[in-house]
Amino acid sequence: MTSRREGDEVARESDEVADTGADAGTGDIADRYEPAAVEARWYPWWESRGYFRADASSAKKPFSISMPPPNVTGSLHWGHGLTMTLQDILTRMKRMDGFNTLWLPGTDHASIAVHVILERQLAAEGKTKEDLGRDAFLTRAWQWKEESGGTIIRQLKRLGASCDWSRERFTMDPGLSGSVREAFVRLWEEGLIYRDDYIVNWCPRCQTVLSDLEVEREERDAEFVYIKYGPVTLGTVRPETKLGDTGLAVHPKDKRYKHLVGQTLEVPSIDGTISVRVVADEAVDPDFGTGVIKVTPGHDPVDFEIGRRHGLPVRTVIGFDGKMTAAAGKYAGLDRFETRKRIVEDMKALGLIDHIEPYRHAVGVCYRCKTVVEPLVSKQWYVQVKPLAQTAIKAVREGRIKIVPRGATKTYYHWMENIRPWCISRQLWWGHRIPAWYCENDGSVHVSRTDLASCPTCGGSVRQDPDVLDTWFSSGLWPFSTLGWPDTTPDLETFYPTSVLVTAPDILFFWVCRMAMLGTHFMRDVPFRHVYLHVIVRDAEGQKMSKSKGNVADPLEVMGKYGTDAFRFTLAALAAQGRDIRISEDRIEGYRNFANKLWNASRLVLTNLDGYVPAKAKRTAPSLAEQWIESRLAVAVASVRDHLRRYRFNDAASAVYQFVWHELCDWYLEMAKLSLYRAATPAERNRAQHTLVTVLETALRLLHPFMPFITEEIWQRLPHQGDSIMIAPYPRPRRGAVHADAEREMGSVMALITAIRNIRGEMRIAPGVTLAATVRPGPEHVKAFEDAGRIIESLARAQLRVDAGAMRPPNSALAVVGASEVYVDLTGVVDLAAERQRLAKEIARASEQIAFLEGKLARPEFVTRAPAEVVERERERLAEQRGVHDKLVASLGWIDDGAC
RNA sequence: GGGCGGAUAGCUCAGCUGGGAGAGCGCAGCCCUUACAAGGCUGAGGUCGCAGGUUCGAUCCCUGCUCCGCCUACCA
């Protein structure tokens with residue numbers, strides 16, 4: 001039944017490389033767990049044996065996850081650590097549970113992020129990307145990708161991520177580029193992609209347009225400048241745009257300015273006058289400022305809309321470089337912010353400034369380089385996402401996509417319902433080039449699946465649109481482009497829709513919504529059945545972890561210091577739903593200690609297996625302690641499964657932690673030692689060995705998704721079935737394994753042991769002293785205390801006499817466990833005055849409880865309206881408290897007598 | 001401006017459908033007991049943000065308030 005050959009082979013091989021105390025075999029195991037060598041050993045072995053690979057032709061039920069592709073620029077940070085750990089836990093759990101499991105990995109080309117990095121590099125060499133030219137820049141970008149793209153992959157492997165590397169994808173590999181082109185062309189054919197002259201968010205540093213989502217808001221101090229504007233005065237924070245004004249706007253119901261609406265005013269300005277038409281528009285807030293706004297359709301999104309509604313001309317005075325254009329007259333060529341200062345000075349000189357107020361407001365900045373975004377009108381490519389959003393909303397409403405936690409659903413609806421056209425062209429080089437060609441002869445536009453060399457209509461020469469697509473366009477196709485779409489591949493048929501998307505809530509709109517839209521549109525089925533949005537990792541001060549802020553301990557260092565398993569377990573244990581998590585080294589250290597605890601528990605088992613014959617064990621009935629630990633294990637198994645099913649990773653981690661440490665180690669191992677070291681019969685020892693092995697082996701399987709390395713290491717040394725723990729079955733609660741009787745009886749035994757230890761502690765009796773204790777068991781405890789007599793004696797360090805007719809001897813302390821009493825002989829070991837004080841305190845506490853319960857039970861409405869079992873429970877508690885109280889009073893009296 | 005979330009032990013946080021307040025770390029005392037001092041045993045410590053309401057009963061549900069976060073937005 002045991003098969004240890006494979007593990008031993010690997011262990012031998014790795015030992016030559018990594019020097020460690022953790023030798024294979026059971027004879028000599030280090031008393032501290034050394035993770036480094038263990039971790040290095042197993043991953044390559046798992047991979048080489050193909051355990052990570054999914055099989056499209058398998059008859060098993062599929063379970064699939066598309067890994068949110070990290071950027072090729074990336075190094076593993078805490079956020080990756082968390083998200084990848086959670087995905088790996090689900091993947092490993094489902095794989096063990098018999099699913100045909102695919103976790104598909106990959107990386108993202110991250111066009112704008114790569115541009116920022118490369119342009120910074122070039123700047124250091126005193127060059128610009130234009131100096132290089134497009135082709136050379138792309139060569140360099142590919143080089144960068146080849147060099148740094150592997151980093152994150154290596155780090156994922158170190159984390160233990162059990163992805164199917166044979167299916168690894170990159171958003172710009174040939175297959176995915178094909179998917180992108182197909183998607184673009186189809187949307188064009190469906191009339192959902194179009195070009196438009198529209199006001200866009202322009203980053204003058206990146207020299208590209210940005211989508212609304214790529215603009216971040218930053219609070220800045222500014223001046224609110226009140227300008228005299230002909231017959232009116234109005235306030236603005238952007239006086240430099242006055243040069244581009246083509247209108248004034250007021251609210252339609254604003255009586256103050258009604259007489260002006262429709263007029264064209266010649267307003268005195270810097271160079272002579274400017275001509276503006278006054279319009280009435282709902283967008284104006286009559287209560288803000290003076291209730292009049294200047295309309296600059298060329299440089300403000302609101303003004304652009306107003307201008308469109310009223311036919312005001314667009315006048316562009318700021319260029320793509322952030323400098324004033326020729327249309328700005330004497331300011332031409334000047335930086336936009338410099339112009340702002342100058343124009344205010346100039347207007348002051350001309351007496352055009354009424355007054356200036358300080359003003360704090362939010363300005364839009366580029367999410368990559370933080371440059372203030374300039375709204376500009378230009379021709380861009382758009383997706384009309386409204387109809388796609390409708391189907392995506394429906395998918396969630398009908399429950400075909402379930403978002404966890406629930407709260408995010410509302411955010412999803414809100415964004416989707418108010419969605420605006422998606423600007424998808426970017427004036428960048430690194431990315432998927434827009435598959436559109438312009439005929440230089442007749443000016444026609446052609447969107448094509450294949451590259452065009454000449455105009456399909458007139459045969460004239462064509463040039464391709466120079467722009468590339470928003471990175472998120474390809475990301476939005478990820479769940480099906482990675483599986484071979486648009487071809488109908490076996491992978492696509494088997495693994496789509498994916499089972500769950502695990503990601504952070506900050507890319508809900510960027511990514512999750514886009515996938516939901518594009519997935520439902522192209523595949524006519526949801527891209528994922530569940531979306532689990534996990535928390536965001538922050539540092540101890542609550543700051544978002546970010547390398548640029550330098551507030552992060554490098555997760556790779558932490559993994560090295562405490563071990564990958566401890567790192568993973570910490571992240572899982574902190575991943576509660578709802579609140580962001582703060583990482584702290586103390587916590588990781590705690591779980592490192594947990595790994596060590598498990599290691600040492602295993603050491604105890606492994607070093608006591610001599611003579612173990614599994615087949616014989618089944619002929620011996622389990623003891624009370626054995627029934628108890630088996631029952632607790634079954635409860636833990638059910639609990640972990642249930643929590644994982646609901647994505648409650650922290651609860652799952654806590655359940656397995658509590659079981660291993662506080663039930664298995666703290667109690668059962670101590671009890672089992674008696675059967676190992678001082679067994680009454682060989683059968684008793686053999687049975688204990690059997691219980692230890694099976695319980696530990698099951699616990700390891702239960703823990704494996706969280707701590708893959710240490711569990712494999714120990715499992716291989718234990719008797720086991722199969723080649724690797726990672727393909728062994730995930731534990732299921734065995735039918736009939738929960739013994740309510742055993743749990744209740746062991747509960748009493750444990751309470752008795754704690755009570756005796758308590759007396760020892762309270763009375764400062766040295767741990768080495770063996771106490772003499774007499775137990776008068778209550779009727780329901782007779783059997784338990786008989787059965788577990790030796791356990792009680794050993795764990796409480798007492799000589800025990802169980803006697804149903806026992807009377808309390810003189811000079812004894814009393815402890816009450818339900819209907820049972822235990823008398824501990826105090827002769828010569830106790831300070832009776834202190835004991836008296838303690839008793840007095842406890843009597844007071846008991847009286848308080850009694851008064852509280854009596855008050856509760858005396859209220860008629862409680863007795864009549866509360867559920868019967870609640871009332872009954874309170875009655876029992878009251879009776880119990882009265883008993884305790886009386887016993888304590890008796891004890892106090894007894895001590896008085898004894899002291900006199 | 002709109003939306004969402006949080007306020008529970010010294011610290012960091014659990015507490016899922018209302019019915020005896022929990023964990024980890026830290027702290028105090030005792031112990032190197034032949035798996036583990038990265039450990040064991042025992043213990044102290046909480047008006048569950050404030051004020052109302054619903055209920056027999058509220059940390060949990062409702063209302064208001066205070067203080068923190070986060071997301072989102074075309075108040076120039």
Side-chain angles (χ1 to χ4, degrees), chain A residues 29 31-33 199 212 217 224 234-238 241 249 283-285 287-290 292-296 300-306 359 361-362 375 405 407-408 410-411 414-415 418 505-506 508-509 536 538 540 542 544 562 566 573-574 576-584 586-587 589-608 642-643 646 648 650-651 654 657-658 662 665-666 669-670 673 677 753-754 757-762 764-768 794-795 797 849 853 856 859-867 869-871 873-874 877:
Chain A
I29 312 173
D31 62 0
R32 281 195 182 192
Y33 173 57
I199 189 124
D212 294 337
R217 301 277 156 178
F224 201 57
L234 56 79
T236 179
V237 289
R238 299 202 59 194
T241 61
V284 183
D285 178 358
D287 299 324
F288 187 84
T290 60
V292 185
I293 63 168
K294 58 192 215 50
V295 183
T296 321
D300 185 281
V302 182
D303 294 9
F304 182 83
E305 294 285 351
I306 294 174
Y359 189 66
H361 70 145
K410 209 171 161 180
T411 317
H414 182 261
W415 192 76
N418 296 291
D506 54 357
L508 180 64
F509 306 137
I536 292 179
R538 294 173 192 282
K544 196 164 163 179
Y562 298 103
L574 288 172
Q577 287 178 11
R579 204 190 289 201
D580 292 348
I581 60 178
R582 298 182 186 203
I583 215 74
S584 80
D586 286 352
R587 200 69 189 253
E589 195 180 332
Y591 292 120
R592 188 270 315 265
N593 295 353
F594 175 59
N596 193 51
K597 188 76 179 173
L598 178 67
W599 180 256
N600 276 297
S602 306
R603 212 153 65 95
L604 172 69
V605 175
L606 288 169
T607 51
N608 284 287
D642 185 54
H643 289 311
R646 297 194 288 161
R648 303 187 66 92
N650 59 321
D651 291 325
S654 164
Y657 177 95
Q658 289 295 326
H662 297 305
C665 292
D666 284 354
L669 293 189
E670 294 304 319
K673 282 176 185 172
Y677 301 155
I753 291 166
T754 302
R757 285 170 171 172
N758 197 340
I759 289 173
R760 187 191 294 275
E762 296 275 2
R764 300 178 176 277
I765 303 168
S794 169
L795 300 199
R797 260 207 199 197
Q849 275 292 309
L853 291 166
K856 203 165 177 181
R859 287 162 52 212
E861 66 272 19
F862 173 73
V863 178
T864 52
R865 297 215 201 166
E869 65 268 23
V870 173
V871 178
R873 198 169 61 220
E874 297 300 275
R877 283 178 60 202

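So that the names make sense, note that chain A is the first sequence line, chain B the second, and so on, each numbered from 1.
Under the Watson-Crick or G-U wobble criterion, with both distances below 3.5 Å, B:U12 is paired with B:A23. For B:U17, there is no paired nucleotide, since no Watson-Crick or G-U wobble pair has both relevant distances below 3.5 Å. The nucleotide B:G1 finds its pairing partner in B:U72, both defining distances of the Watson-Crick or G-U wobble pair being shorter than 3.5 Å. The partner of B:A7, taking Watson-Crick or G-U wobble pairs whose two distances both stay under 3.5 Å, is B:U66. Base pairing of B:C61 is made with B:G53, judged by Watson-Crick or G-U wobble geometry with both donor-acceptor distances under 3.5 Å. Base pairing of B:C32 is not made with any nucleotide, judged by Watson-Crick or G-U wobble geometry with both donor-acceptor distances under 3.5 Å.
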Table of protein N/O atoms under 3.5 Å from nucleotides 24-28 of chain B N/O atoms:
from, atom 1, to, atom 2, distance (Å)
B:G24, OP1, A:H662, NE2, 3.3
B:C25, O2', A:D586, OD2, 3.4

Pairs under 3.5 angstrom, nitrogen or oxygen only, protein versus nucleotides 17-19 of chain B, please.
from, atom 1, to, atom 2, distance (Å)
B:G19, O2', A:R873, NH2, 2.4

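If A:Y677 and A:T754 are placed on RNA chain B by their nearest nucleotide, the residue sitting closer to the 5' end is A:Y677. Remark on RNA chain B: of its neighbouring residues A:R32 and A:D212, the 5'-side contact belongs to A:R32, judged by nearest-heavy-atom nucleotide.
The CZ atom of A:F304 sits 13 Å away from the C1' atom of B:C74 (whole-angstrom rounding). Computed from coordinates, the A:L853 CG to B:G20 C1' distance equals 9 Å when rounded to whole Å. The distance between atom CZ of A:F288 and atom C1' of B:C74, rounded to the nearest whole Å, is 12 Å. We find that CD1 of A:I306 is positioned 12 Å from P of B:C75, with the value rounded to whole Å. For A:L604 and B:G39, the CG to P distance is 17 Å, given to the nearest whole Å. Across the protein-nucleic acid pair, A:I29 atom CD1 and B:C36 atom C1' stand 12 Å apart, rounded to whole Å.
When every heavy atom of A:V237 is checked against every heavy atom of A:H361, the shortest pair comes out as CG2-CE1, 3.7 Å. Across every non-hydrogen atom of A:L606 and A:I29, the tightest pair is CD1-CD1, 3.9 Å. Heavy-atom minimum distance, A:K856 versus A:F862: O-CD2, 3.5 Å. The shortest non-hydrogen separation linking A:A766 to A:R760 is O-NH1, 2.9 Å. Across all non-hydrogen atoms, the minimal contact from A:Y562 to A:R592 is O-CG, 3.4 Å.
Using a 4.0 Å heavy-atom distance criterion, A:E874 is classed as making no nucleic acid contact. Contact annotation for A:L669: base contact, defined as any heavy-atom pair under 4.0 Å involving a base atom. Within 4.0 Å (heavy atoms only), A:P301 reaches no atom of the nucleic acid at all. Counting non-hydrogen atoms under 4.0 angstrom, A:D287 reaches nothing in the nucleic acid. A:D666 comes within 4.0 angstrom of the backbone, heavy atoms only, and of no base.
With contacts defined as side-chain heavy-atom distances shorter than 4.5 Å, the pair A:P375/A:D300 does not qualify. For the pair A:R757/A:L795, a side-chain contact is recorded, criterion being any heavy-atom separation below 4.5 Å from C-beta on. Residues A:D651 and A:D642 fail the side-chain proximity criterion, which asks for heavy atoms closer than 4.5 Å.
The side chain of A:F509 sits closest to B:C71 out of B:A38, B:G29, B:C71. In the set B:G57, B:G29, B:A35, B:G57 carries the atom at the smallest distance from any side-chain atom of A:R859. When each of B:A35, B:C16, B:G29 is scored by its nearest atom to the side-chain atoms of A:R648, the top-ranked nucleotide is B:C16. The side chain of A:N596 lies closest to B:C36, out of B:A76, B:A35, B:C36. The nucleotide whose nearest atom lies closest to any side-chain atom of A:D285 is, among B:A38, B:C75, B:A14, B:C75. Set against B:C75, B:G43, B:A35, the side chain of A:E762 has B:G43 as its closest nucleotide. Among B:A73, B:A76, B:G29, the nucleotide with an atom closest to any side-chain atom of A:R764 is B:G29.
Contact of A:R646 with B:C16 (side chain to base): a donor-acceptor pair of N or O atoms is detected under 3.5 Å.
Side chain of A:S602 to backbone of A:L598: a donor-acceptor contact under 3.5 angstrom is found. The backbone N or O of A:T754 sits nowhere less than 3.5 Å from a side-chain atom of A:N758 that would complete a donor-acceptor pair. Between the side chain of A:D31 and the main chain of A:N600, no donor-acceptor pair closer than 3.5 Å is present.
Between A:Y359 and B:A76 there is a side-chain N or O to OP1 or OP2 distance below 4.0 Å. Taking side-chain N and O atoms only, A:R217 has a distance below 4.0 Å to OP1 or OP2 of B:C74. Phosphate contact (OP1/OP2 of B:A38, side-chain N/O of A:K597, threshold under 4.0 Å): absent. Checking the phosphate oxygens (OP1, OP2) of B:A38, no side-chain nitrogen or oxygen of A:R592 falls inside 4.0 Å. A close approach under 4.0 Å does not occur between any side-chain nitrogen or oxygen of A:N650 and OP1 or OP2 of B:C13.
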Given side-chain contact (heavy atoms from CB on, under 4.5 Å), test A:I293 with A:I306 step by step and report yes or no. CA-CA 11 Å; A:I293 63 168; A:I306 294 174; 3.9 Å; yes
Check the pair A:T241, A:K294 against side-chain contact (heavy atoms from CB on, under 4.5 Å), reporting the backbone distance first and the verdict last. CA-CA 9 Å; A:T241 61; A:K294 58 192 215 50; 2.6 Å; yes
Checking A:L604 against A:L669 for the side-chain contact (heavy atoms from CB on, under 4.5 Å) test, could you report, in this order, the C-alpha distance in whole Å, the side-chain angles of both residues, the deciding distance, and whether it holds? CA-CA 8 Å; A:L604 172 69; A:L669 293 189; 4.0 Å; yes
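Comparing the C1' positions of B:C61 and B:U55 gives an interatomic distance of 10 Å, to the nearest angstrom. Separation of the C1' atoms belonging to B:C13 and B:G46 is 14 Å when rounded to the nearest angstrom. Atom C1' of B:A23 sits at a distance of 24 Å from the matching atom of B:C30, rounded to the whole Å. When the C1' atom is compared between B:A7 and B:C60, the two are found 15 Å apart, to the nearest whole Å. B:C48 and B:C11 have their P atoms separated by 16 Å, with the value rounded to a whole Å. Taking the C1' atom of each, B:U66 and B:C27 are spaced 32 Å apart, rounded to whole Å. For B:G57 and B:C71, the P atoms lie 42 Å apart once the distance is rounded to whole Å. Comparing the P positions of B:G64 and B:G29 gives an interatomic distance of 50 Å, to the nearest angstrom.
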Base versus backbone protein contacts along nucleotides 1-6 of chain B [heavy-atom cut-off under 4.0 Å; B, S, -]: --SS-S
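More than 12 heavy atoms of other residues, nucleotides or ligands sit less than 6.0 Å from atom NE2 of A:H662.
Between A:Y657 and A:Y591, the distance from one ring center to the other falls under 6.0 angstrom.
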